[in-house]
Amino acid sequence: MLGNPKMSAIFSSSLLFFSLNASAASAEIAPDLVPIKCFMCDGWNKPRAPFKIFGNSYYVGVAGLSALLIAGKRGHVLLDGALPQSAPIIQRNIESLGFKMIDVKWILVSHAHFDHAGGVAALQRISGAKVAGSKLAASALKFGFPPTNDPQFGYGEANRFAKIAAPQAINDGTDVRIGELSVRLHDTPGHTPGGASYSWQSCEAKKCLTMVYADSISSVSSPDFRFSNRPKLLGNFERSFKLIAGMDCDVMISTHPDVSQFFERFEAYASGKPGELLNSSSCKDYAQLAREKLALRLQREANDSPKLKK
């Protein structure tokens, strides 16, 4: 499903976005809500009505950037915060489902790029939640900027987002717990050094499913970056591909919903085709598509090599 030509085109183009960074702050808006401007931002940030995916798992993000709420009796977990201008939409979506922002106890971040972490500072301020990510992500969240070895670091100031107060580092394979909720972090570096995916159980009646929030694993970079001369990075990618492909994965939601055709799969599921969403091969397909795209990127870099042109 994820390997069709239309899907490949979306995957290769949906993240090639950069224009330039945020507009100047104004007195009428909190600093952590100042919109970030980029080529794709308006499209990504189109409102999307929230909905229950399964059990206690809800989609509360915007049209092009996922945010998920995992609801619990003793508090909730929010996965990602999209852009600064997405934060009010995410808040409105959560509250329209009947939940309270003050009951969001943790905000877990997939990776420290402005399109996933940009709204986290505002959502943390509104909810009072703790914020966490992988060890490498926590450092980047604190400074509001990706690390120097991030493939997109070359975009410079366009990478900047609001700093996160006291982000916590979670070890690979560690569970974040609130009452009966348990959400596990899985290191999935490559797209960025601190990338992380998350898994948890959602239940309806006597049926429980393993949910996976799969981080970006695409080989997107600033124009002057080369993957082919970075063996450690390529090793990280391959480990992430294998990890995601091998996960127990009843329902997979990607950080950019279009990359895995999540909305289309959910709508098919809602119309009576459960196999479109409840598909144990979706994580494997997602990883394979990313592996193929990385191979194409490496081939392009090889074709551009001066040595090959001699």
Side-chain angles (χ1 to χ4, degrees), residues 17 19-51 57-71 75-133 137-138 140-146 158-168 183 196 198 213 215-216 253-258:
F17 51 79
S19 172
L20 279 177
N21 201 13
S23 61
S26 97
E28 291 79 24
I29 191 168
D32 55 20
L33 286 174
V34 174
I36 288 176
K37 293 184 177 181
C38 73
F39 178 71
M40 296 291 290
C41 286
D42 287 347
W44 281 339
N45 199 51
K46 289 181 179 178
R48 174 91 192 192
F51 57 90
S57 300
Y58 300 84
Y59 189 91
V60 295
V62 290
L65 300 168
S66 297
L68 306 182
L69 184 76
I70 310 169
H76 315 318
V77 174
L78 177 63
L79 300 178
D80 274 347
L83 298 159
Q85 57 264 45
S86 307
I89 301 173
I90 293 171
Q91 178 183 2
R92 186 164 61 247
N93 284 346
I94 290 172
E95 293 175 342
S96 72
L97 291 168
F99 301 110
K100 298 178 180 178
M101 287 300 297
I102 60 171
D103 291 330
V104 175
K105 303 303 183 184
W106 284 95
I107 301 173
L108 304 181
V109 177
S110 60
H111 64 271
H113 283 167
F114 73 81
D115 50 336
H116 305 286
V120 171
L123 291 165
Q124 179 188 45
R125 172 175 53 80
I126 293 164
S127 65
K130 298 176 183 178
V131 174
L141 292 170
K142 181 178 180 181
F143 292 103
F145 207 83
N159 288 307
R160 194 168 296 283
F161 55 90
K163 298 176 182 178
I164 309 302
Q168 299 189 29
V183 183
Y198 295 90
Y213 186 53
D215 189 26
S216 299
I253 306 100
S254 54
T255 53
H256 286 265
D258 60 342

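Quick caveat, the model's predicted, so the values are computed rather than measured.
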A side-chain contact here means heavy atoms from C-beta on lying under 4.5 Å apart; do [X] and [Y] qualify?
| X | Y | value |
| --- | --- | --- |
| Leu123 | Leu78 | yes |
| Tyr213 | Ser57 | no |
| Val104 | Val77 | no |
| Pro257 | Arg48 | no |
| Pro84 | Ile36 | yes |

Q. Under the criterion side chain to side chain contact (heavy atoms under 4.5 Å, CB included), which of Leu141, Asp115, Leu83 is the partner of Phe161?
A. Leu141
Short question: side chain of [X], backbone of [Y] - any donor-acceptor pair under 3.5 Å?
| X | Y | value |
| --- | --- | --- |
| Asp32 | Ala162 | no |
| His111 | Ala137 | no |
| Gln168 | Ala138 | no |
| Gln124 | Ala165 | yes |
| Asn93 | Tyr59 | no |

Heavy atoms only: give me the nearest [X]-[Y] pair and the separation to one decimal.
| X | Y | answer |
| --- | --- | --- |
| Ser66 | Ile253 | OG-CG2, 4.0 Å |
| Cys41 | Phe114 | SG-CE1, 4.0 Å |
| Ser216 | His256 | OG-CD2, 3.9 Å |
| His113 | Pro146 | CD2-CB, 4.3 Å |

First locate atom [atom1] of [X], then atom [atom2] of [Y], and finally report the distance between them rounded to the nearest 0.5 Å.
| X | Y | atom1 | atom2 | answer |
| --- | --- | --- | --- | --- |
| Leu108 | Tyr198 | CG | OH | 4.5 Å |
| Ser127 | Lys100 | OG | NZ | 14.5 Å |
| Leu69 | Ile90 | CG | CD1 | 10.5 Å |
| Ser86 | Leu65 | OG | CG | 5.5 Å |
| Ile126 | Leu33 | CD1 | CG | 6.0 Å |
| Ile89 | Ile94 | CD1 | CD1 | 12.0 Å |

Q | Lys46/Val62 under side chain to side chain contact (heavy atoms under 4.5 Å, CB included): CA gap, chis, key distance, verdict | A | CA-CA 6 Å; Lys46 289 181 179 178; Val62 290; over 6 Å; no
Q: Over 60° means perpendicular and under 30° means parallel, so classify the ring planes of His76 and Phe99, tilted if in between.
A: perpendicular
Q. Between Asp215 and His116, is a side-chain hydrogen bond (donor to acceptor under 3.5 Å, both in side chains) present by the stated rule, with each step listed?
A. CA-CA 10 Å; Asp215 189 26; His116 305 286; 5.9 Å; no
